[in-house]
Amino acid sequence: MADRYLENDMPDFVEEEAPAEEAEVGSLARLLSLPYATLSDMLKSSALDLKQTVVMQTWGKRVGDYSLYTGALGTACLAFKAYQVTKNLSDLKLCCDIVKACDIASRDSGHVSFICGRAGVCAFGAVAAKHAGDGMLLDHYLSQFKEIKLYSDLPNELLYGRAGYLWACSFLNKNIGNGTVSTTRIRSVVDEIIKSGRQLAKKGRSSLMYEWHGKKYWGAAHGLAGIMYVLMTVQLKPEEVEDVKGTLRYMIKNCFPSGNYLSSEGSESDRLVHWCHGAPGVALTLVKAAEVFGDEEFVQAAIDAGEVVWRRGLLKRVGLCHGISGNTYVFLSLYRFTGKVEYLYRAKAFACFLYDRAPRLISEGRMHGGDRPYSLFEGVGGMAHLFLDMTDPSEARFPGYEL
């Protein structure tokens, strides 16, 4: 089990103090005690350097992989985050240029989700165009989004399926304006997701259940956690609310004794503490449930899942999907919900670990830099995005997941 993560020997909490002139600011212990403003400036500087490297390594005028997950749209997302933090218009222009190339590359892909499909290109392009003040481009992306067709045998999960398309709808309605995607369109997708979940849950103990490639996954990427999160971003009927609550209660009741969550129905392997599979993705969903429903059981379950991430979340990878960067967003989410400085410290601790240790550990072969080492979800692109989000933690959101 411990082959997946590094031991977390960082203190549970460290009081901030001004650095002494002779102190070695770069050491992990010293970083943990730095005033937050000082640390966030250091992280921002590192992130902007990383962004330049990511752009240099991933951006050409022709795009093969256009996805947010491992492709060029992830680079556009990083450039957009840099623009939000620095207000540097060159980053916004870069973002728009990359999205235009992704638009061409994704047109006949057949993929419909936000993270891995055409919906992500159109929805993200629309938001970037709005910020750039380009009304014609905004209209182009919105019209292209409305032309996306959902085929009948589409899966329901987040990365490739209906939930991924529905997330894009919610993203547009939040960032462009309510009604950008019609209630009728959203309702038709919700109906399909709920209908499918109820059918597979028959004779089971969960209110809803879903299958992808023959497995009943629980995690954020392909399973229950991700689908429940997206359902909570839209208006649900009372009985659908109870379905979502019942499904989350089923997961809480049947998690591992360690507090971690199953990767799929019936799994006995308590190994994965990733956003894609395990407690981190479930924790983000439970925070959303606490925000939407207000039930104390979801608040406590989110806190409990966060404890698992603190103990076992220093993964031997850097990215968002199955790395330390993604796990750090659990603490940012808990901080945003609870306002407790202890969670901001934990986010700071994981970010400091990355800042101080990741380059050396990767060079030594003790950490994996990612199969696509500059991408948003697998590589240092995600780390750079996290560092930029640390400049304003109350507004930090896991890209492509938290709204």
Side-chain angles (χ1 to χ4, degrees), residues 5-54 78 81-82 85-86 273 275 280 306-307 309-320 323-336 338-370 373 379-398:
Y5 62 92
L6 299 158
E7 181 182 357
N8 183 2
D9 57 6
M10 293 181 288
D12 286 337
F13 189 75
V14 175
E15 293 286 350
E16 294 181 357
E17 59 184 46
E21 288 186 11
E22 69 276 7
E24 185 186 350
V25 174
S27 69
L28 181 57
R30 195 73 195 99
L31 288 169
L32 293 176
S33 66
L34 284 178
Y36 194 86
T38 302
L39 177 67
S40 64
D41 282 346
M42 293 170 62
L43 293 176
K44 181 172 75 171
S45 178
S46 176
L48 294 175
D49 288 343
L50 277 172
K51 182 211 68 177
Q52 291 301 109
T53 301
V54 168
L78 178 57
K81 173 54 67 173
V85 170
T86 67
V273 185
W275 168 77
E307 292 300 316
V309 181
W310 177 246
R311 294 194 309 270
R312 296 168 54 189
L314 282 179
L315 304 177
K316 295 181 179 179
R317 292 176 183 257
V318 299
L320 293 176
I324 296 173
S325 298
N327 285 358
T328 307
Y329 278 95
V330 171
F331 306 125
L332 290 169
S333 189
L334 285 165
Y335 170 68
R336 191 176 67 245
T338 68
K340 292 183 177 179
V341 70
E342 291 86 351
Y343 292 118
L344 182 57
Y345 164 78
R346 289 186 172 191
K348 173 181 169 180
F350 272 36
C352 286
F353 186 93
L354 284 168
Y355 178 87
D356 185 62
R357 302 279 174 86
R360 175 171 57 82
L361 291 173
I362 290 171
S363 69
E364 292 173 353
R366 295 171 61 197
M367 280 186 78
H368 195 297
V380 295
M383 186 167 77
H385 194 285
L386 168 68
F387 287 178
L388 289 169
D389 256 337
M390 293 293 289
T391 62
D392 189 0
S394 63
E395 294 299 318
R397 300 290 189 280
F398 190 112

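In this text, all values refer to a predicted model and were calculated from it rather than measured experimentally. Values reported hereafter were calculated over all heavy atoms of this structure, with side chains retained and with hydrogens, waters and symmetry mates removed. Numbering of residues begins at 1 and proceeds along the displayed sequence.
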Interatomic distance, CG@Asn8 vs CZ@Phe350, rounded to 0.5 Å, equals 5.5 Å

Here the pair of heavy atoms bringing Leu32 nearest to Cys352 is CD2-CB, 4.1 Å

Value for CG (Leu314) from OG1 (Thr328), rounded to nearest 0.5 Å, stands at 8.0 Å

So CG of Leu6 and CG of Leu361: to nearest 0.5 Å the spacing works out to 6.5 Å

| Got Leu320 and Trp275 here, is their nearest side-chain heavy-atom distance under 4.5 Å? | no

Practice problem: Please lay out, stage by stage, how Leu332 and Met390 fare under the test side-chain contact (heavy atoms from CB on, under 4.5 Å). | Solution: CA-CA 9 Å; Leu332 290 169; Met390 293 293 289; 3.9 Å; yes

ask   = Got Glu16 and Leu39 here, is their nearest side-chain heavy-atom distance under 4.5 Å?
value = no

Between Lys51 (side chain only) and Lys81 (backbone N and O only), is there a donor and an acceptor less than 3.5 Å apart? no

* Asked: Would you say the side-chain atoms of Ser333 pair up with the backbone N or O of Val330, donor to acceptor, closer than 3.5 Å?
  -> no

Main-chain N/O of Arg366 paired with Lys316 side-chain donor or acceptor, under 3.5 Å: no

The residue among Ser46, Pro359, Ser325 that forms side-chain contact (heavy atoms from CB on, under 4.5 Å) with Leu354 is Ser325

Leu388 and Ala47 have their tightest heavy-atom pair at CG-CB, 3.6 Å

Closest non-hydrogen contact found for Leu50 with Ala384 is CB-CB, 3.8 Å

Q.
Quick one: does any side-chain atom of Arg336 pair with a main-chain N or O of Ala396 as donor and acceptor, under 3.5 Å?
A. yes

To the nearest 0.5 Å, atom OH of Tyr345 lies from atom CG of Asp12 at 7.5 Å

Show your working on side-chain contact (heavy atoms from CB on, under 4.5 Å) between Met367 and Ile324 and close with a plain yes or no. CA-CA 11 Å; Met367 280 186 78; Ile324 296 173; 3.9 Å; yes

In this structure, OH of Tyr36 is separated from NZ of Lys348 (nearest 0.5 Å) by 8.5 Å

For Tyr355 and Leu31, the nearest pair of non-hydrogen atoms, with its separation, is CD2-CD1, 3.7 Å

Verify, without hydrogens or angle tests, whether Asn327 (side chain) and Pro280 (backbone) share a donor-acceptor contact under 3.5 angstrom. no

Could you tell me whether a side-chain N or O of Ser33 sits under 3.5 Å from a main-chain N or O of Arg30, the two making a donor and an acceptor?
yes

**OP:** Go through Val309 and Phe331 one step at a time and tell me if the side-chain contact (heavy atoms from CB on, under 4.5 Å) criterion holds.
**Re:** CA-CA 9 Å; Val309 181; Phe331 306 125; 3.8 Å; yes

Taking every heavy atom of Ala82 against every heavy atom of Leu48, the minimum-distance pair comes out as CB-CD2, 4.1 Å

ask   = Are Glu364 and Arg357 within salt-bridge range, i.e. N to O under 4.0 Å?
value = no

For Tyr329 and Arg397, the nearest pair of non-hydrogen atoms, with its separation, is CE2-O, 3.3 Å

When rounded to the nearest 0.5 Å, the distance separating CZ of Phe387 from CG of Asp49 is 11.5 Å

Can Glu307 and Arg346 be said to form a side-chain contact (heavy atoms from CB on, under 4.5 Å), step by step?
CA-CA 10 Å; Glu307 292 300 316; Arg346 289 186 172 191; 3.0 Å; yes

